Asks: 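What follows is a single structure, and I will ask about it in a moment.
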Amino acid sequence: MKPIDDKKTIEQNTKLEEGLVAEREEWNKKITDLIYMMKDNKKLSEAQVFQLSYRQQVQERLAVYRTLLEKKQENMDKQITARFREYTLNYDIKLSSSEKMAFVNTDVAALKLQVKMISVQISYFEECVKTLDNFGFAVRNKIEIVSQQLI
C-alpha cells in the first residue's frame, strides 16, 4: 500500500493556513476602515463605493474558495475510497469495517484539515458579505438622517 505523503500535505496545510489567516486579517482591516469612514459625513459616498466594490471582491473570493473546496473534497473522497479498498483487499490483517474506517480517517486526516480550513474561510467570507450588506443599509440610513437634519 502506497502511503499518503503526509509531509507534503502538512507543508501545504501550513502554507494554506498562513495564507488564509493573512487574507482574513487583510479583509478585517478593509472592513474596519470602511466602518470608520462612516463617522465622517463627507466620506459617506466614498464609503458606499468601497462597500459595493468590497462586496464584489468578496463574492469573487467565495467563488474561488467554493471551487477549491469541491476539488479538495473530491480528492479526499477519492483517497478515502482508495484507502478503504486497499485495506479491504491488500492488508495483511483482516479488519472490520469500523477498523478500516479508523485507519482510513487517520490516513486522510491532513486532507480533512484542508477541507475544514477552506470551509472556515468560506464561512468567514459569507459573514463579510452580510457585514457589507448591513453596512450598505447603515450608510443609507445615515444619509437619510443627515438629510433630515439639514431640512
Side-chain angles (χ1 to χ4, degrees), residues 1-40 43-142:
M1 181 181 322
K2 182 184 172 207
I4 294 177
D5 187 1
D6 263 347
K7 184 177 179 182
K8 180 182 172 187
T9 307
I10 290 170
E11 288 174 10
Q12 287 176 344
N13 286 358
T14 302
K15 288 179 183 177
L16 178 64
E17 183 177 18
E18 290 169 357
L20 297 176
V21 167
E23 190 174 42
R24 283 193 302 268
E25 288 172 356
E26 173 191 350
W27 278 100
N28 182 40
K29 182 176 179 353
K30 284 182 178 182
I31 291 173
T32 302
D33 290 347
L34 186 64
I35 291 169
Y36 284 117
M37 285 178 75
M38 202 165 117
K39 288 181 178 181
D40 186 355
K43 294 185 177 181
L44 286 178
S45 61
E46 183 181 0
Q48 278 185 313
V49 171
F50 277 120
Q51 179 260 338
L52 291 171
S53 174
Y54 288 168
R55 189 180 191 289
Q56 182 59 35
Q57 291 173 38
V58 170
Q59 289 291 3
E60 290 170 11
R61 296 303 307 156
L62 275 169
V64 168
Y65 282 119
R66 286 181 176 132
T67 302
L68 181 61
L69 179 64
E70 288 299 318
K71 289 178 182 177
K72 294 290 184 182
Q73 185 71 46
E74 180 182 348
N75 181 35
M76 187 180 71
D77 291 344
K78 286 179 182 177
Q79 287 292 329
I80 288 171
T81 302
R83 301 309 270 175
F84 190 86
R85 183 173 177 78
E86 197 70 30
Y87 283 118
T88 301
L89 301 175
N90 299 329
Y91 200 63
D92 296 337
I93 302 169
K94 183 156 175 67
L95 300 171
S96 70
S97 192
S98 62
E99 289 172 324
K100 289 176 203 171
M101 281 313 297
F103 279 44
V104 168
N105 285 331
T106 301
D107 288 349
V108 298
L111 296 174
K112 284 185 177 186
L113 181 58
Q114 284 181 357
V115 168
K116 183 66 177 169
M117 285 190 291
I118 294 167
S119 295
V120 167
Q121 195 77 352
I122 288 170
S123 296
Y124 174 79
F125 278 125
E126 288 172 343
E127 289 302 314
C128 285
V129 169
K130 290 178 187 175
T131 300
L132 290 167
D133 287 344
N134 289 335
F135 179 82
F137 291 123
V139 168
R140 275 188 261 155
N141 289 341
K142 184 164 183 179

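Just so it is clear, the structure is predicted and the values come from calculations on it, not from any experiment.
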Asks: List the residues meeting side-chain contact (heavy atoms from CB on, under 4.5 Å) with Asn134, not counting sequence neighbours, and say none if there are none.
Replies: Phe137

Asks: How far does CZ of Arg83 sit from CE of Met76, to the nearest 0.5 angstrom?
Replies: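 CE of Met76 is found 14.5 Å from CZ of Arg83.
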
Asks: Please enumerate all residues that pass salt bridge (Lys or Arg N to Asp or Glu O under 4.0 Å) together with Lys71, with sequence neighbours excluded.
Replies: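 Residues passing salt bridge (Lys or Arg N to Asp or Glu O under 4.0 Å) with Lys71: none at all.
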
Asks: Working to the nearest 0.5 angstrom, can you tell me the gap between Glu86 CD and Thr88 OG1?
Replies: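 Atom-to-atom, Glu86:CD and Thr88:OG1 are 9.5 Å apart.
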
Asks: Which atom pair, heavy atoms only, marks the closest approach of Leu44 to Val139?
Replies: O-CG1, 3.9 Å

Asks: If the condition is ring-ring contact (aromatic ring centres under 6.0 Å, His included), which residues does Tyr124 pass it with, not counting sequence neighbours?
Replies: none

Asks: Name all residues meeting the side chain to side chain donor-acceptor pair (under 3.5 Å) criterion together with Asn75; count only those two or more places apart in sequence or in a different chain, and write none if there are none.
Replies: none

Asks: Drop me the distance from Lys100's NZ to Ser97's OG, to the nearest 0.5 angstrom.
Replies: 6.0 Å

Asks: Calculate, to the nearest 0.5 Å, the distance between atoms CD1 and NZ belonging to Ile35 and Lys30 respectively.
Replies: 14.5 Å

Asks: Quick check for you: to the nearest 0.5 Å, what is the distance between Asp92 atom CG and Tyr87 atom OH?
Replies: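 Interatomic distance, Asp92 CG to Tyr87 OH, rounded to 0.5 Å: 11.5 Å.
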
Asks: Would you please name every residue forming a salt bridge (Lys or Arg N to Asp or Glu O under 4.0 Å) with Glu25, sequence neighbours left out?
Replies: none

Asks: With sequence neighbours left out, write down each residue that passes side chain to side chain donor-acceptor pair (under 3.5 Å) with Arg61, or none if nothing qualifies.
Replies: Glu23, Tyr65

Asks: Answer yes or no: is there a side-chain heavy-atom contact under 4.5 Å between Lys112 and Asn105?
Replies: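 The answer is yes; the side chains approach within 4.5 Å.
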
Asks: Restricting to salt bridge (Lys or Arg N to Asp or Glu O under 4.0 Å), what partner residues turn up for Glu18, sequence neighbours left out?
Replies: none

Asks: Go through the steps for Met38 and Phe135 under the test side chain to side chain contact (heavy atoms under 4.5 Å, CB included), then give the verdict.
Replies: CA-CA 9 Å; Met38 202 165 117; Phe135 179 82; 3.7 Å; yes

Asks: Work out which heavy atom in Thr9 is nearest to a heavy atom in Ala110; give both atom names and the distance.
Replies: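 In terms of heavy atoms, the two residues are closest at CG2-CB, 3.4 Å.
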
Asks: Could you name each residue pair satisfying salt bridge (charged side-chain N to carboxylate O under 4.0 Å, His left out) that touches residues 122-139, not counting sequence neighbours?
Replies: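 Salt bridge (charged side-chain N to carboxylate O under 4.0 Å, His left out) check on residues 122-139 returns Arg55-Asp133, Arg66-Glu126, Glu127-Lys130.
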
Asks: Evaluate the ring-ring contact (aromatic ring centres under 6.0 Å, His included) criterion for residues Phe103 and Tyr91: first the C-alpha distance (whole Å), next the side-chain angles of each, then the deciding distance (0.1 Å), finally the verdict.
Replies: CA-CA 11 Å; Phe103 279 44; Tyr91 200 63; 5.7 Å; yes

Asks: Where do Leu34 and Tyr54 come nearest, in terms of heavy atoms and distance?
Replies: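 Closest approach of Leu34 to Tyr54: CD2-CD1, 3.9 Å.
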
Asks: Gln57 and Trp27: which non-hydrogen atoms are nearest, and at how many Å?
Replies: OE1-CH2, 3.4 Å

Asks: List in chain and number order the residues that pass side-chain contact (heavy atoms from CB on, under 4.5 Å) with Tyr36, two or more places apart in sequence or in another chain; answer none if no residue qualifies.
Replies: Thr32, Lys39

Asks: With sequence neighbours excluded, tell me which residues meet side chain to side chain donor-acceptor pair (under 3.5 Å) with Gln114.
Replies: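 Gln114: side chain to side chain donor-acceptor pair (under 3.5 Å) contacts with Gln12, Asn13, Lys72.
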
Asks: Just jot down the side chain to side chain donor-acceptor pair (under 3.5 Å) partners of Lys116, sequence neighbours excluded, or say none.
Replies: none

Asks: Roughly how far, to the nearest 0.5 Å, is CG of Leu16 from CD1 of Ile118?
Replies: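 Separation between the atoms: 5.5 Å.
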
Asks: So, for Ile122 and Leu62, which heavy atoms are closest and what is the spacing to 0.1 Å?
Replies: O-CD2, 3.4 Å

Asks: Minimum heavy-atom separation for Ser119 to Leu69, with atom names?
Replies: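 In terms of heavy atoms, the two residues are closest at OG-CD1, 3.6 Å.
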
Asks: Applying side-chain contact (heavy atoms from CB on, under 4.5 Å), can you list everything that pairs with Glu46, at least two apart in sequence or on another chain?
Replies: Met37, Lys43, Phe50

